[in-house]
Amino acid sequence: MIYEGKAITVKMLEDGIAELNFDLQGESVNKFNRVTLEDLKASTEALKGNSDVKGLVVTSGKDCFIVGADITEFGDTFAQEPEVIIEWILEANKIFNAVEDLPFPTATAINGIALGGGFEMCLSTDYRVMSEAAKVGLPEVKLGIYPGFGGTVRLPRVIGADNAIEWICMGAENKPEKALKFGAVDAVVSADKLKEETVAMLKDAIAGNLNWEAKREEKTSKLKLNPMEQMMVFETAKGFVAGQTKGQYPAPIEAIKSMQKAANFGRDKALEVEAKGFAKLAKTTESQALIGLFNNDQFLKKKAKEYDKKAKPTKKAAVLGAGIMGGGIAFQSALKGTPILMKDIAEAGIELGLAEANKLLSKRVERKKMKPLAMGEALNRIRPTLSYAEFGDVDLVVEAVVENPKVKKIVLAEVEDKVSEDCIVTSNTSTISIDLLAEDLKRPENFLGMHFFNPVHMMPLVEVIRGAKTSEEAVATTVAYAKQMGKTPIVVNDCPGFLVNRVLFPYFGGFAALLRDGADFRQVDKVMEKFGFPMGPAYLLDVVGIDTGKHANEVMADGFPERMRADFKSAMDVLFENEYYGQKNKKGFYKYEEDKKGKPKKVFDEAILEMLAPVLGEAKDFDAEEIIARCMIPMCNEVVRCLEEGIVDTAAEADMALVFGVGFPPFRGGALRYIDTVGVDKFVELADKYKDLGPLYHVTDKMREMAAKGEKYHG
């Protein structure tokens with residue numbers, strides 16, 4: 001044994017070839033934490049001083065290669081001054097440089113996922129051989145940073161600047177065929193021959209059949225582009241990426257700038273450029289928000305895993321009410337492998353539900369995300385029915401009928417009599433109290449909410465709503481089924497609107513008051529979209545449905561009359577009265593026409609202003625800051641109330657629910673992260689400025705205490 005550590009071992013194989021094996025003790029995956037970096041440094045020093053070694057193959061002892069750097073461990077470093085971050089990055093890069101500078105050829109056998117620092121490790125070796133089961137990529141931009149272990153330096157020199165820009169700015173995981181086509185790897189082989197073929201490539205290099213020194217020279221030298229070519233590649237890319245990111249995500253642009261600055265330098269100087277840009281990004285609010293979301297996501301997964309201990313398996317599910325929503329739920333369950341009954345009272349509903357599932361599966365086949373055979377198998381997992389005959393062995397039911405408490409109560413009582421005593425029954429209600437729906441049930445301990453968001457196949461969130469009598473086993477089973485469906489479940493307690501809709505409607509309330517005071521809904525939409533929402537409030541109401549919004553708004557007003565019952569007639573009220581329901585009937589705040597792809601395209605119609613004239617104030621030009629404040633303060637205040645009241649357990653879950661459920665701008669990290677970024681004290685000052693607008697703008701006493709103490713919602 002040449003070296004043995006907690007993350008890496010090095011041993012001799014044959015013909016002077018050594019094997020450096022990543023196998024981090026006590027972990028299911030390999031990652032670059034401090035232990036791994038120290039081991040890599042020590043093992044490389046041991047290899048450099050061993051005259052018997054003629055070549056090195058780098059392997060992994062786990063199913064993946066290396067998933068990347070441990071952001072939870074290095075997050076503390078990002079809190080330091082930029083100079084400290086730069087020093088840390090450069091010290092880490094000395095380790096990767098030492099691998100690259102070993103006095104013999106090196107090759108990596110990529111057996112599984114190699115992302116971020118894991119792929120940067122691969123790039124530090126001369127050759128890369130990839131298993132057909134592996135994926136490689138540099139996804140750091142998704143955390144608001146860019147590759148810091150040499151990725152912006154080595155990748156452009158390996159695959160070309162234009163390709164490297166795409167890989168780094170998109171942050172995608174790349175399959176073997178793409179990696180080989182771009183030249184990111186030198187060969188792709190079957191998993192069972194990976195090590196054998198990598199060793200064979202090394203032997204060719206040792207024998208002089210492959211010019212490994214030339215490959216290394218290319219990687220450590222200046223980029224082979226003349227000044228004109230550099231300008232064309234980098235300036236064009238900056239313009240395109242700026243258009244895509246709308247100035248909201250600085251990391252991709254900074255990555256391009258770093259590659260451009262480093263183009264005329266050799267490796268060591270280029271790495272200094274990379275380190276400075278990395279440190280700059282690590283201090284941005286966007287990076288802190290996106291890393292916070294990543295950590296929140298890890299927390300959610302860990303919390304969901306804890307429910308597994310109490311969960312019963314869901315081998316067969318059922319959805320009541322077909323149509324678009326029922327079809328979407330059935331599609332998602334079947335896609336992920338769980339057979340599901342789809343029941344409706346009418347053949348037309350069944351046909352609509354099956355058509356929806358078929359449409360979604362067909363799109364996956366068209367996009368080559370699924371083979372026709374797999375599509376057929378998924379469709380076969382959906383069993384349409386007009387009766388309860390096959391409900392005897394169902395493990396979990398999702399009720400998805402019309403959003404009316406009387407109808408839901410009838411259907412829930414009916415299904416409870418048709419299923420086994422231990423079957424979990426859930427309601428896909430978006431606003432109706434779970435305790436209200438449970439009033440007439442015989443087994444309320446087996447009943448809870450399972451709120452999917454529309455469209456089901458696109459929206460990652462599922463709210464799991466615990467009623468007063470819901471058992472922990474029922475909650476755990478529902479959480480497990482949501483995970484089984486590929487969704488992110490967040491458990492909340494019962495109240496009108498639960499979490500997402502409860503905090504969304506104060507946002508709509510702020511918007512309604514802006515229109516009452518003379519704002520143009522088009523301007524509000526533009527400002528809030530620039531703020532980062534995928535669509536402004538008027539457009540969002542059209543997509544949700546004005547009739548749906550009106551119903552939900554009434555539920556909120558009944559539940560929280562002091563804050564949410566408006567004392568004026570709103571634009572939404574007028575639209576509803578005139579049967580302007582939004583996209584569903586092609587008229588709402590905007591008119592909707594079909595584009596070339598058959599998708600609805602919004603068009604402004606002057607006539608809408610005449611219809612809304614009685615409830616619109618005298619036209620006034622609001623500045624963007626006031627529009628943002630008047631929309632965001634009510635939403636943020638309501639999130640704070642939900643946290644304080646225990647509707648949601650943690651700030652992490654509250655923020656993730658907003659990002660996944662309503663498209664809250666990820667680069668702002670959620671409502672509570674947004675308050676932290678503004679500063680709790682500054683947010684309180686801002687809210688007080690608008691306190692005369694009513695209770696939606698009044699902060700809680702606890703928030704005032706936090707402001708006085710300098711506390712945050714995220715530690």
Check against salt bridge (charged side-chain N to carboxylate O under 4.0 Å, His left out), Glu399 and Lys408:
CA-CA 8 Å; Glu399 169 272 303; Lys408 283 185 180 291; 2.5 Å; yes

Legend entry - Verdict with reasoning, Gln484 to Thr314, per side chain to side chain donor-acceptor pair (under 3.5 Å): CA-CA 9 Å; Gln484 217 166 292; Thr314 299; 5.0 Å; no

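Residues Phe511 and Phe589 bring their aromatic ring centres within 6.0 Å. For Tyr539 and Phe533, the ring centers sit 6.0 Å or farther from each other.
Checking Tyr507 against Glu638 by side-chain atom types alone, no donor-acceptor pair falls below 3.5 Å. Ser333 and Tyr481 share a donor-acceptor pair across their side chains, judged by distance under 3.5 Å alone. Checking Thr72 against Gln298 by side-chain atom types alone, no donor-acceptor pair falls below 3.5 Å. Using modelled atom types and a 3.5 Å distance limit, the side chains of Asp655 and His714 yield a donor-acceptor pair. If you check the side chains of Ser433 and Asp435, you find no donor sitting under 3.5 Å from an acceptor.
Counting non-hydrogen atoms of other residues, nucleotides and ligands closer than 6.0 Å to NZ of Lys142 gives a total above 12. The environment of CD1 in Ile345 is sparse: at most 12 heavy-atom neighbours from other residues, nucleotides or ligands sit within 6.0 Å.
With Asp440 contributing its side chain and Ala413 its backbone, the two residues share no donor-acceptor pair below 3.5 Å. Side-chain N or O atoms of Lys336 include none that pairs as donor or acceptor with a backbone N or O of Lys487 at under 3.5 Å.
The distance from the CG atom of Leu448 to the CZ atom of Arg466 is 9.0 Å, given to the nearest 0.5 Å. For the atom pair Leu575 CG and Glu579 CD, the distance stands at 12.0 Å (nearest 0.5 Å).
Residue Glu439 forms a salt bridge (Lys or Arg N to Asp or Glu O under 4.0 Å) with just one option from Lys406, Lys409, Lys469, and that option is Lys409.
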